[in-house]
Amino acid sequence: MDRIWPLPAVDDPALVDHYAYPDVDAPYVRVNFVSSLDGAVSVDGLSGGLGTDADKRVFGVLRQLAQVVLVGAGTARAEGYRGARRPTIGTDTPPPVAVVTGSADLDPEAGLFTDTQVPTIVLTTAGAPRAHRDRLAAAGADVAVLDDLSPAALLAELGRRRLNRVLCEGGPSLHGALVDHDAVDELCLTLSPLLAAGDAGRIAVGGTGGAPRPMALVGALHEEGALLLRYRRSGDVQDRD
Ligand SMILES: NC(=O)c1ccc[n+]([C@@H]2O[C@H](COP(=O)([O-])OP(=O)(O)OC[C@H]3O[C@@H](n4cnc5c(N)ncnc54)[C@H](OP(=O)(O)O)[C@@H]3O)[C@@H](O)[C@H]2O)c1
């Protein structure tokens, strides 16, 4: 058993090191969530009520390390997504948001399309009404029509675009699909020091479930009662940094 708190203080450069992606030449999926101690993924339908200063800081660092922010349409709608602000470290541009939607029923006036420095990628299929796809393309979106929205198809498309450092910001349905297809390489989970009760869901829902996937703890930070945990798929080359 190791003691994980108290820890030496961690400044921003150390955070960047702490969360560095492994060297990869294919999509590596890091998932980031915040949850209450009793497992709620939202308060009044939004994650904001769970956030802490530390979680917000890490959220920003994770975006700066990513080449693409992958998000389900439910989260993009609920949370009023817009484009990322700060450039990916080592580049001049922020990572694009890639939104997964079967319906392509997204508001072309939303910040995802009107408040972004780089075109938002819409990952959809030919099953989405053409009118929806066309209006998003007209709003400046980069609409990718895939054969299906399975994790394999989504990651193949991101890999084709050389967007390998993937940061998935949820939501629970997309995360559930990724877990179900064994496509989660890493989970960054902030446990917020709150009890929420209510009927909010978990961080991963849906899919068939199947056998639980073992994960290895590779990082644990603490600030003002929040635990910022980093787990990697067990059995990877470097289970521990
Ligand atoms: N605590 C946190 O860290 C955190 C993070 C993210 C989200 N949340 C919360 O989670 C809630 C939203 O959850 P959600 O589960 O509805 O959102 P979600 O997973 O972001 O979005 C689900 C939607 O994604 C689209 N989709 C397409 N293909 C999919 C696939 N293969 N798997 C899954 N989804 C696919 C569908 O959109 P179409 O309907 O357009 O086809 C589906 O309705 C919000 O309350 C949000 O605040 C919390």
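Just so it is clear, the model here is predicted, and its values are computed rather than measured.
- Here the closest non-hydrogen pair linking Pro151 and Leu178 is CB-CD2, 3.8 Å.
- Formation of a donor-acceptor pair under 3.5 Å by the His18 side chain with backbone atoms of Ala14 is not found in this model.
- Scanning all heavy atoms of the two residues, the minimum distance from Ala78 to Gly45 falls at CB-O, 4.3 Å.
- Judged purely by atom type and a 3.5 angstrom limit, Asp180 uses its side chain to pair as donor or acceptor with the backbone of Gly209.
- No donor-acceptor pair under 3.5 Å is formed between the side chain of Arg133 and the backbone N or O of Ala131.
- In this structure, CE in Met215 is found 10.5 Å from CZ in Arg230, a value given to the nearest 0.5 Å.
- Hydrophobic clustering of Ile, Leu, Val, Met, Phe, Trp and Tyr side chains at less than 4.5 Å, counting indirect connections, unites Leu217 with Leu227.
- The CG atom of Leu167 sits 7.5 Å away from atom CZ of Phe59, with the distance rounded to the nearest 0.5 Å.
- Residues Val166 and Glu186 fail the side-chain proximity criterion, which asks for heavy atoms closer than 4.5 Å.
- Side chain of Arg213 to main chain of Val179: a donor-acceptor pair is present (N/O by atom type, distance under 3.5 Å, no hydrogens or angles).
- At distances below 3.5 Å, at least one donor-acceptor pair connects side-chain atoms of Glu79 with backbone N or O atoms of Ser47.
- Tracing side-chain contacts under 4.5 Å through hydrophobic residues (I, L, V, M, F, W, Y), one never reaches Leu189 starting from Leu50; they form parts of separate clusters.
- Within the model, atoms CZ of Arg232 and CZ of Arg30 stand 8.5 Å from one another, a figure rounded to the nearest 0.5 Å.
- Follow the hydrophobic side-chain contacts under 4.5 Å out from Leu229 and you reach Val41 in the same cluster.
- Using modelled atom types and a 3.5 Å distance limit, the side chains of Glu223 and Thr52 yield no donor-acceptor pair.
- Val97 places none of its side-chain heavy atoms less than 4.5 Å from the side chain of Thr116.
- Sparse packing is recorded around CZ of Arg162, with 12 or fewer heavy atoms of other residues, nucleotides or ligands lying under 6.0 Å away.
- Side-chain contact between Pro87 and Thr93 is absent, with no heavy atoms from C-beta onward closer than 4.5 Å.
- Put simply, the residue from Thr88, Leu158, Val68 that forms a side chain to side chain contact (heavy atoms under 4.5 Å, CB included) with Arg165 is Thr88.
- Note on Val205: it does not cluster hydrophobically with Leu149, by side-chain heavy-atom contacts below 4.5 Å among ILVMFWY residues.
- Side-chain contact between Leu136 and Pro108 is present, with heavy atoms from C-beta onward closer than 4.5 Å.
- Counting only distance, with no hydrogens or angles, the side chain of Thr101 and the backbone of Ala73 share no donor-acceptor pair below 3.5 Å.
- When all heavy atoms of Gly102 and Ala128 are compared, the pair lying nearest together is O-CB, 3.3 Å.
- Once rounded to the nearest 0.5 Å, the distance linking CG of Leu154 with CG of Asp148 reads 8.0 Å.
- Considering all non-hydrogen atoms of both residues, Ala84 and Pro95 come closest at CB-O, 3.7 Å.
- A donor-acceptor pair is defined here as one N or O able to donate and one able to accept, closer than 3.5 Å; such a pair exists between the side chain of Arg233 and the backbone of Asp182.
- Val118 and Phe113 are assigned to two separate hydrophobic clusters, defined by single-linkage of ILVMFWY side chains at heavy-atom distances under 4.5 Å.
- Within the model, atoms CG of Asp107 and CG of Leu112 stand 9.5 Å from one another, a figure rounded to the nearest 0.5 Å.
- Counting only N and O atoms by type, the side chains of Gln67 and Tyr21 include no donor and acceptor under 3.5 Å apart.
- Under 4.0 Å is where a charged nitrogen must lie from a carboxylate oxygen, and between Asp105 and Arg77 no such pair does.
- For the pair Leu70/Val29, no side-chain contact is recorded, criterion being any heavy-atom separation below 4.5 Å from C-beta on.
- With Asp38 contributing its side chain and Leu195 its backbone, the two residues share no donor-acceptor pair below 3.5 Å.
- Counting heavy atoms of neighbouring residues, nucleotides and ligands inside a 6.0 Å radius, atom CG of Asp23 does not exceed 12 of them.
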Could you give me the CA-CA distance, side-chain angles and deciding distance for Thr124 and His132, then say whether side-chain contact (heavy atoms from CB on, under 4.5 Å) is met? CA-CA 10 Å; Thr124 190; His132 290 178; over 6 Å; no
Verdict with reasoning, Leu187 to Ile203, per side-chain contact (heavy atoms from CB on, under 4.5 Å): CA-CA 11 Å; Leu187 174 66; Ile203 67 168; 4.0 Å; yes
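- The closest side-chain heavy-atom distance from Val99 to Tyr81 is not below 4.5 Å.
- Taking OG from Ser192 and CG from Leu37, the interatomic distance works out to 7.5 Å, rounded to the nearest 0.5 Å.
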side-chain contact (heavy atoms from CB on, under 4.5 Å), that's the test. Do Val71 and Leu174 meet it? Break it down for me. CA-CA 7 Å; Val71 68; Leu174 179 58; 5.6 Å; no
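- Looking at His175 and Val184, their side chains come closer than 4.5 Å, going by heavy atoms from C-beta outward.
- Checking side-chain atoms of His181 against main-chain N and O of Ala152 turns up no donor-acceptor pair under 3.5 Å.
- Here the closest non-hydrogen pair linking Pro96 and Pro119 is CB-O, 3.8 Å.
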Kindly indicate, with the supporting measurements, whether the criterion side-chain contact (heavy atoms from CB on, under 4.5 Å) is fulfilled by Val58 and Cys188. CA-CA 9 Å; Val58 167; Cys188 296; 5.7 Å; no
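- Side-chain contact between Leu191 and Ser35 is present, with heavy atoms from C-beta onward closer than 4.5 Å.
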